[in-house]
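Both counts, for ligands and for their atoms, begin at 1 and track the order of listing. These numbers come from a predicted model, not from an experiment.
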Amino acid sequence: MELSNKTILLTGATGGIGCAVAHSLAAEGANLRLVGRNAGSLNRIAEQLSGTHQIVVADITTAQGRQDILSRSIDGGGIDLLINLAGTMAFQHFEHQSEESIEQVLNTNLVAPMLLTKQLIPLLNSRPASAVINIGSIYGSIGHPGYVAYCASKSGLMGFTEALRRELCDTNVQVFYLAPRATDTALNSTAVNTLNRALGNSVDQPQQVADALIKLIRSNRHAEFMGWPEKLFVKINALLPRLVDHALVKKMPFIKQILNTQETTKINI
Ligand SMILES: NC(=O)c1ccc[n+]([C@@H]2O[C@H](COP(=O)([O-])OP(=O)(O)OC[C@H]3O[C@@H](n4cnc5c(N)ncnc54)[C@H](OP(=O)(O)O)[C@@H]3O)[C@@H](O)[C@H]2O)c1
């Protein structure tokens with residue numbers, strides 16, 4: 001899909017990956033609707049971009065926020081692409097995670113993108129060629145201790161994407177799924193960074209995710225799982241989950257140590 005002069009609604013535009021994606025899309029000549037909750041951050045990003053872009057201050061987990069996004073999209077003459085990138089993460093023992101935190105993760109990463117997409121499908125479908133791109137995670141395909149609610153949310157997002165892609169196959173709307181691996185942004189707490197280093201997990205830069213996203217939109221593929229060996233682990237986990245169980249069991253003492261340290265010190269290590 002050609003991106004020049006396309007109108008693209010990007011949630012999570014103020015985040016580490018969102019900012020890189022916004023720069024890459026603007027460089028391709030797209031007109032952006034940058035969504036986030038903080039007007040100051042959105043304006044700062046819009047000012048750095050080449051071209052003319054609009055900001056939409058909205059909390060995607062509220063009905064009002066999603067209605068504001070819809071109204072602004074209609075007033076602005078519609079949209080060609082919706083990129084559901086906003087997200088949140090909690091790294092915690094599931095039994096110690098508050099109900100509010102679990103709901104926040106599920107609402108932000110799964111329910112809000114579903115409801116926003118549902119509202120915007122008529123606008124997208126009125127274009128000759130349009131797309132929804134959902135940003136998941138490798139953890140949407142591999143359940144990992146410490147990230148139970150996050151894994152559930154991204155796994156749900158992957159299922160949503162696949163079902164919607166099939167349901168919309170005879171429309172003008174294409175549906176894509178991009179699953180990054182660990183990426184160097186503020187989403188990851190110090191504890192998560194410590195764990196990634198200790199487990200030898202590779203960490204991408206946000207620009208690598210932005211490049212992968214643009215490549216995916218231009219390809220004839222509908223999904224991309226980033227990183228090697230992560231994409232192999234996704235396949236192994238689907239075919240031979242006991243192998244992954246065993247690998248993670250070996251790492252559990254260290255994962256628990258970091259979770260316990262984080263919880264007992266009550267600081268975000
Ligand atoms: N970083 C990683 O390691 C990694 C790996 C795999 C997948 N991902 C996925 O990539 C996406 C972007 O992550 P990131 O690393 O760029 O995270 P980030 O730097 O923490 O940014 C999160 C973004 O989401 C927005 N957001 C959160 N809650 C929102 C809400 N209720 N309403 C509107 N906007 C909201 C934030 O906007 P404001 O706070 O300004 O409102 C911010 O723009 C997420 O979906 C994440 O799950 C990240």
Side-chain angles (χ1 to χ4, degrees), residues 9-24 32-46 55-69 72 82-91 100-101 103-116 133-142 144 146-147 149-158 160-161 177-193 195-197 199 201-210 212-213 223-227 230-231 234 268:
L9 191 111
L10 173 67
T11 72
T14 55
I17 295 174
C19 188
V21 168
H23 275 89
S24 292
L32 302 179
R33 307 283 180 265
L34 306 163
V35 181
R37 292 167 296 184
N38 185 305
S41 308
L42 288 166
N43 276 319
R44 268 192 298 282
I45 288 164
I55 67 160
V56 185
V57 182
D59 181 337
I60 59 165
T61 62
T62 67
Q64 184 61 57
R66 294 188 297 272
Q67 183 56 46
D68 290 346
I69 293 170
R72 289 288 301 279
L82 163 64
I83 304 180
N84 285 311
L85 186 133
T88 189
M89 184 170 73
F91 174 63
E100 291 75 16
S101 168
E103 282 177 354
Q104 192 204 7
V105 170
L106 268 293
N107 283 335
T108 309
N109 296 354
L110 177 59
V111 179
M114 288 179 71
L115 296 179
L116 188 59
I133 301 122
N134 292 328
I135 308 303
S137 165
I138 289 291
Y139 285 165
S141 304
I142 302 175
H144 196 291
Y147 302 95
Y150 184 74
C151 290
S153 71
K154 292 297 185 178
S155 177
L157 189 71
M158 187 172 66
F160 164 61
T161 310
Y177 181 74
L178 176 67
R181 63 179 175 184
T183 308
D184 183 15
T185 74
L187 185 82
N188 298 318
S189 64
T190 309
V192 170
N193 290 330
L195 183 67
N196 282 335
R197 270 195 302 277
L199 298 182
N201 294 339
S202 298
V203 179
D204 286 333
Q205 290 304 309
Q207 189 57 47
Q208 291 172 268
V209 183
L213 188 145
E224 176 65 23
F225 297 81
M226 289 184 67
E230 286 79 0
K231 62 177 79 186
V234 166
N268 194 18

Just by distance, do the side chain of [X] and the backbone of [Y] share a donor-acceptor pair under 3.5 Å?
| X | Y | value |
| --- | --- | --- |
| K154 | I135 | yes |
| R44 | T14 | no |
| S137 | A179 | no |

TODO: Give every residue pair that meets the salt bridge (charged side-chain N to carboxylate O under 4.0 Å, His left out) criterion with at least one member in residues 177-193, sequence neighbours excluded.
DONE: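 Every salt bridge (charged side-chain N to carboxylate O under 4.0 Å, His left out) pair that includes a residue of residues 177-193, provided the two are not neighbours, is R181-D204, R181-E230.
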
TODO: Could you please provide the protein residues found below 4.0 Å of ligand 1 on a heavy-atom basis, arranged by chain and number?
DONE: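 Contacts of ligand 1 under 4.0 Å: G12, A13, T14, G15, G16, I17, G36, R37, A58, D59, I60, T61, L85, A86, G87, T108, I135, G136, S137, Y150, K154, P180, R181, A182, T183, T185, L187, N188.
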
Open item on the list: Run the side-chain contact (heavy atoms from CB on, under 4.5 Å) test against T161 and tell me which residues pass, sequence neighbours left out.
Closed with: N134, L157, V175, Y177

Side chains of residues 103-110: which donor-acceptor pairs under 3.5 Å do they make with residues two or more places apart or in other chains?
residue: N107; atom: ND2; partner: E103; partner atom: O; Å: 3.2
residue: T108; atom: OG1; partner: Q104; partner atom: O; Å: 2.7
residue: N109; atom: OD1; partner: T88; partner atom: N; Å: 2.9
residue: N109; atom: ND2; partner: T88; partner atom: O; Å: 2.8
residue: N109; atom: ND2; partner: S153; partner atom: OG; Å: 3.1

